[in-house]
Protein chains: 2
Amino acid sequence: METEVWSIGDLARATGTKVETIRFYEKSGLLPAPPRTAGNYRAYGAEHLGRLSFIRRARDLGFSMEQVATLLDLADRKDQSCEVVDIVARGHLAEIDRKLRDLRALRKELAAMIASCDHRTIADCRIIEALAPRG
Amino acid sequence: METEVWSIGDLARATGTKVETIRFYEKSGLLPAPPRTAGNYRAYGAEHLGRLSFIRRARDLGFSMEQVATLLDLADRKDQSCEVVDIVARGHLAEIDRKLRDLRALRKELAAMIASCDHRTIADCRIIEALAPRG
DNA sequence: TCTTGACCCTGTAGTGGCTACAGGGTGCAT
DNA sequence: ATGCACCCTGTAGCCACTACAGGGTCAAGA
């Protein structure tokens with residue numbers, strides 16, 4: 001049976017990734033280097049497509065490249081317990097919660113600043129005042 | 001009347017900034033280069049302290065260096081309307097709202113993934129499954 | 001056959017916002 | 001005189017890409 005082969009551009013289109021990013025993932029060790037054609041073009045197979053989809057999906061969910069590498073490593077050991085996967089995911093959730101808290105606090109302060117601005121000259125501007133030392 | 005003079009370390013302590021960061025702000029054009037002592041040390045005055053405090057506060061509130069530069073420019077033109085200041089701040093608020101939306105969506109998806117993991121082997125792991133192409 | 005144009009290759013440098021050295025000089029107290 | 005804390009410049013590193021420059025490959029059309 002013939003196996004399908006994709007060029008780097010095909011993979012890019014299929015996964016919504018830029019060509020340069022795919023090469024970058026290869027250089028970073030996330031995506032294994034595929035075989036080459038006679039003309040030195042990368043020739044990808046189904047396993048590369050799957051792996052790249054995994055990477056993109058995990059990155060979209062905000063996992064760092066290091067976390068993605070860990071998850072990929074784990075995903076390959078199919079017979080082991082998935083406890084570590086759970087730990088990585090929970091750690092990431094905690095990070096997201098921290099960011100959410102920070103952003104909400106930020107938003108509140110910024111919104112208060114904007115609400116108190118009544119468009120006079122900058123000398124009276126509450127926003128500038130709020131940023132100045134001991135405003 | 002004598003004017004107070006601070007070393008870069010004094011400024012760093014007073015504003016909670018690292019020394020390297022202050023030099024970085026100078027190189028980036030956010031903080032003007034101060035005069036030097038005979039020994040080539042930077043000699044800061046009150047205006048530098050004020051400006052650095054402003055920068056730090058704005059950065060803490062999540063304004064980009066470019067936005068901070070704009071705000072500093074505007075803050076210097078005391079007689080103009082503060083409309084542009086308001087526009088910058090509102091633009092930043094909109095950015096924060098976008099980030100909040102994205103993070104909340106992320107959190108939801110991630111939490112659902114984690115909730116469905118019941119610690120079997122990786123072959124059955126819902127988290128890995130959720131990341132794999134067409135789940 | 002020749003050319004056009006889309007695609008591919010490598011390698012390097014840039015982004016933002018710092019941080020961390022290396023390899024030196026200065027200033028003050030002991 | 002010596003130690004130590006501080007200062008100086010310049011460069012490289014971090015993350016996760018992105019954007020070139022300067023070439024090579026390949027298929028279709030004239």
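In what follows, chains are A, B, ... by sequence order, proteins preceding strands, each numbered from 1. As a basis for the values below, the full set of heavy atoms in this structure was taken, side chains included, without hydrogen atoms, waters or symmetry mates.
Taking atom NZ of A:Lys18 as the reference point, atom C1' of C:dG14 lies 15 Å away to the nearest angstrom. Distance OH (A:Tyr44) to C1' (C:dC8): 11 Å, rounded to an integer number of Å. We find that CD1 of B:Ile8 is positioned 9 Å from C1' of D:dC8, with the value rounded to whole Å. The CG-P distance, from B:Asp10 to D:dA5, rounds to 17 Å in whole Å. Atom C1' of nucleotide D:dC6 and atom CD1 of B:Ile22 are separated by 14 Å, given to the nearest angstrom. Distance, A:Tyr41 OH to C:dC8 C1': 4 Å, rounded to whole Å. For the pair A:Leu11 CG and C:dC7 P, the interatomic distance rounds to 15 Å; values are reported in whole Å. The distance between atom CD of B:Glu20 and atom C1' of D:dT9, rounded to the nearest whole Å, is 12 Å.
The heavy-atom pair separating B:Thr15 from B:Ser53 by the smallest distance is CG2-OG, 3.9 Å. The heavy-atom pair separating B:Gly62 from B:Gln67 by the smallest distance is O-OE1, 4.3 Å. Between B:Leu93 and A:Ala111, the shortest heavy-atom contact is CD1-N, 4.4 Å.
When distances are taken from the side chain of A:Arg36 to each of D:dG24, C:dG25, C:dC9, the shortest belongs to C:dC9. With distances taken from any side-chain atom of B:Phe24 to the nucleotides C:dT19, C:dT10, D:dC17, the minimum falls on C:dT19. If you check C:dC8, C:dC18, D:dC8 against the side chain of B:Met65, the one that comes closest is C:dC18. Listed nucleotides: D:dT9, D:dC17, C:dC8. Nearest to the side chain of B:Arg42: D:dT9. With C:dT19, D:dC17, C:dC8 as the candidates, the nucleotide lying closest to the side chain of B:Thr21 is C:dT19.
Across all strands, A:Thr37 comes closer than 4.0 Å to no nucleic acid atom at all (heavy-atom distances). Contact annotation for B:Ser28: no contact, since no heavy-atom pair falls under 4.0 Å across all strands.
Proximity of A:Arg56 to the phosphate of D:dA16: no side-chain N or O atom is located under 4.0 Å from OP1 or OP2.
Checking A:Phe63 against B:Glu26, the closest nucleotide of DNA chain D that is more toward the 5' end is the one next to B:Glu26. Along DNA chain D, the nucleotide nearest to B:Lys27 and the one nearest to B:Asn40 differ in position, and the one closer to the 5' end is contacted by B:Asn40. Residue A:Arg23 is the one, among A:Arg23 and B:Arg59, whose nearest nucleotide of DNA chain C lies closer to the 5' end (criterion: closest heavy atom).
No hydrogens or angles were tested; on distance alone, nothing pairs the side chain of B:Tyr25 with the base of C:dG17 as donor and acceptor under 3.5 Å.
For the atom pair OG1 of B:Thr21 and CG of B:Leu30, the computed distance is 11.5 Å after rounding to the nearest 0.5 Å.
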key: Test log, rule salt bridge (charged side-chain N to carboxylate O under 4.0 Å, His left out), inputs A:Asp76 and A:Arg51   = CA-CA 11 Å; A:Asp76 286 343; A:Arg51 205 169 169 96; 3.4 Å; yes
